[in-house]
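Please read these numbers as outputs of a predicted model, since none were measured by experiment. Side chains are part of it too, since the values below use all heavy atoms of this structure and drop only hydrogens, waters and symmetry mates. One-based numbering along the sequence shown.
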Amino acid sequence: MSPGRVDLRLAPSAILTWAVSLAAAYLPSLWTGILCLALLAATGLLLATWAAAVRSLRTIPATLAVACLFGAAVAAHAAMDAGPRHDGPVAEAAASRDSVVIHALIVGDPRELGTDSRGSARWAVPAEIIDIAADGMLTRARTKILLTGGEGWDQVVTGQEVRTAGKLKPAKPGQVEAGVLAAATPPMRPDPRRRDTQQSPETHNRPRVPADIPQGPAPLKKQFSSAAEWLQGDSAGLLPGMVTGDTTGLDESLETAMKTTGTTHLTAVSGANCSLILGGLVLLARSFRLARGVAAIVALGGLAAFVMMVGPDASVLRAAVMGAIGLTALSAGRRGRSLGFLCLAVTGLLILDPSLGTSIGFLLSVLATLGIVLLARPIASWAPAWVPSWLASAVAVPLAAQLLCSPVIVALQPQFSSYSLLTNIAVAPFVAPVTILGTIAVPLVPLLPWLAIVPIAVAGASAGIVAAIARFFAGLPGSALPWPEGPTGIATMALWSVATVLLVWLSMHPMWVGSAVLSLHRRLVFLIAAGESAVRRWIESRPGARRRRGGEPRA
């Protein structure tokens, strides 16, 4: 396959599996199972068509058969997940809106919901129930749930086991959780004696102590955040966010400035972080003259270690996959093959976790990677010959990602970040030292804390510059302009993205624009002259025009 040719053979698989995951989020488990059987039947029919077709026409039925088979796998997984969510003890307690006591495992980071009537912050935390006490019975149930609470819930970390009480209510349609628990207490340590299924929730009103901090990546994050506290200003809060995704120390005004300038993705473990880690490891391995295959294996092993270090939750795994694909697209220059990898990754991730189909973060990751795969290298190639390739790529990569993500971002937050592209270009040179040196410092903090001071200092200085740039652009006039809401806003932003691509192409081809303008000017002059001549001839051809020109006839 030529580098310029786009391979779309796996695109139907990615589209169909995504559509199936979206449908399964709203369908009961029975209908999801019927959908699985229908897709399997369609696979058999397409394979029969493939066997009977002419050899030159077998590609289409084979491609569609593979797509239907993958879609059936997603439907089967979603049907198995939907059973406990719709029919289990958690769903029954949620339907009756019971007061329950739960023992749960935290599976994601806290997300701020806003403030309550007393002005206290409220947080939403994804969790998985281990057991639930309702109606005087203790039941084991491995079911996803969404915890909402105030004090203490911003401090929980992934992998931590907690115990709390509250009122359980049903989740909204399309949510992957079986219910939403409004926690009436802070997170507490699970009671090891609470294993008797006949034990009543009312017997647990004795004083409780805070929940334990789990083993795993959470202690590393806390130790790294503590090690960065000696940094001054915004660096102390932004550095842990950019390296490990820990935003608990991020200043509220800086967080607002980064939202305004479209740089919030820097405070989470995103595909950009994983691309930098992977690219740095590849360059390091190649500097030791390792073979390309060996260097790739070393880099992937290092990326896996980074994922385990920051916490192998769904968002980090997604970022690692998308970052690897984006780096492949930029380094190899094979758009067709990179697009195939992206479609395969989307299909595989949806088979492993069908709930990703309803995740906005997953959608933005896929769109950003798709923009990099399809548009980054063509946009960079438009730059004049005197522009360095690294500068062209620094402009093309954020622009390509932003063009495809902007309509979705506008749907979530109806405003236009006027300086988003400029801000991302300006901070790009400082993101690499923050990510690479900060990642090196994380394991050094518990092992050799004195050796971690230097990388923390350099990474912290770079993080401070990133914060200063974000605050500068956020303070400029018109940094956040209002934008229409709903379908109108999405459509206008899509048109704006297309117009932006055209404007960039025109600005990068001044000679062509100049010659096109001159050619258009010549055509317009010719058309105007031809029109004037035609009008003059028409006027002169009228009968009355000759009498007026020759004067009145004599008597």
Minimum heavy-atom distance between L239 and A228, given as atom pair plus value: CD2-CB, 4.1 Å

Side-chain heavy-atom pair L146, L181 within 4.5 angstrom cut-off: no

Kindly indicate whether the side chain of Q415, heavy atoms from C-beta on, has any atom under 4.5 Å from the side chain of P482. no

Angle class for the Y419/F473 ring planes (parallel below 30°, perpendicular above 60°, tilted otherwise)? tilted

Full working for side chain to side chain contact (heavy atoms under 4.5 Å, CB included) between E128 and I145: CA-CA 6 Å; E128 185 179 85; I145 193 174; over 6 Å; no

Would a 4.5 Å heavy-atom cut-off, applied to side chains only, mark Q160 and V162 as touching? yes

Step by step, would you call F416 with S418 a side chain to side chain contact (heavy atoms under 4.5 Å, CB included)? CA-CA 6 Å; F416 179 67; S418 307; 3.9 Å; yes

For residues I130 and E161, determine if any side-chain heavy atom of one lies less than 4.5 Å from a side-chain heavy atom of the other. yes

Within 6.0 angstrom of W382 CH2, more than 12 heavy atoms from elsewhere: yes

Looking at K259, is its backbone amide N or carbonyl O close enough to the side chain of T263 to form a donor-acceptor pair, meaning the two atoms are under 3.5 Å apart? no

Mind jotting down which residue pairs meet the side chain to side chain donor-acceptor pair (under 3.5 Å) criterion with at least one end in residues 446-469? Sequence neighbours excluded, please. none

Could you please spell out the steps behind the side chain to side chain contact (heavy atoms under 4.5 Å, CB included) verdict for S420 and T261? CA-CA 5 Å; S420 175; T261 54; 5.9 Å; no

Which residue in the set L370, L404, V397 passes side-chain contact (heavy atoms from CB on, under 4.5 Å) when paired with L375? L404

Closest approach of A392 to A380 (non-hydrogen atoms, all atoms of both residues): CB-O, 3.8 Å

CG of L254 to CG of L250: how many Å apart, nearest 0.5 Å? 5.0 Å

Enumerate the residue pairs fulfilling ring pair (Phe, Tyr, Trp, His ring centres under 6.0 Å) with a member in residues 350-375, sequence neighbours excluded, ordered by first and then second residue. W18-F362

Just by modelled atom types, is the Q402 backbone N or O under 3.5 Å from a matching donor or acceptor in the S406 side chain? yes

Which distance, rounded to the nearest 0.5 Å, do you find between the CD1 of I372 and the CG of L367? 11.5 Å

Should I132 and V101 be marked as a side chain to side chain contact (heavy atoms under 4.5 Å, CB included) after you check the CA-CA gap, both sets of side-chain angles, and the distance that decides it? CA-CA 6 Å; I132 178 172; V101 177; over 6 Å; no

Got a donor-acceptor contact below 3.5 angstrom from the T488 side chain to the P484 backbone? no

I'd like to know if the side chain of W483 reaches the main chain of G489, judged simply by a donor and an acceptor atom lying under 3.5 Å from each other, with no hydrogens or angles considered. yes

Distance, nearest 0.5 Å, that separates CG of L238 from CD1 of I465: 11.5 Å

Least distance between heavy atoms, S235 atom then A463 atom: OG-C, 4.3 Å

Test item: T423 side-chain N/O and A470 main-chain N/O as donor-acceptor pair under 3.5 Å: no

Side chains of T164 and T185, donor plus acceptor under 3.5 Å: yes

Taking the side chain from T435 and the backbone from A432, do they hold a donor-acceptor pair closer than 3.5 Å? no

Side-chain heavy-atom pair P186, M188 within 4.5 angstrom cut-off: yes

Do the side chains of V373 and F341 get nearer than 4.5 Å, heavy atoms only? no

Heavy-atom side-chain proximity of K144 to V107 below 4.5 angstrom: no

Can you tell me how far apart CG (L444) and CD (Q223) are? Round to the nearest 0.5 Å. 12.0 Å

Does the side chain of D131 come within less than 4.5 Å of I102's, by heavy atoms? no

Residue pair W153 / T148, side-chain donor-acceptor N/O under 3.5 Å: no

Which residues pass the ring-ring contact (aromatic ring centres under 6.0 Å, His included) test with W123, not counting sequence neighbours? none

Measure the CG-CD1 distance between L147 and I129 for me, rounded to the nearest 0.5 Å. 7.5 Å

At their closest point, which heavy atom of V156 faces which heavy atom of P187, and how far apart are they? CG1-CG, 3.7 Å

Main chain of L356, side chain of S359: is a donor-acceptor contact present, judged purely on distance under 3.5 Å? no

Interatomic spacing from CG in L403 to CG in L374 - rounded to 0.5 Å: 11.5 Å

Regarding R471 and S253, is there a side-chain donor-to-acceptor distance under 3.5 Å anywhere? yes

Kindly give the heavy-atom pair with the smallest separation between I379 and A396, and that separation in Å. CG2-CB, 3.8 Å

Tell me the closest heavy-atom pair linking P455 and L437, and the distance in Å. CB-O, 3.6 Å

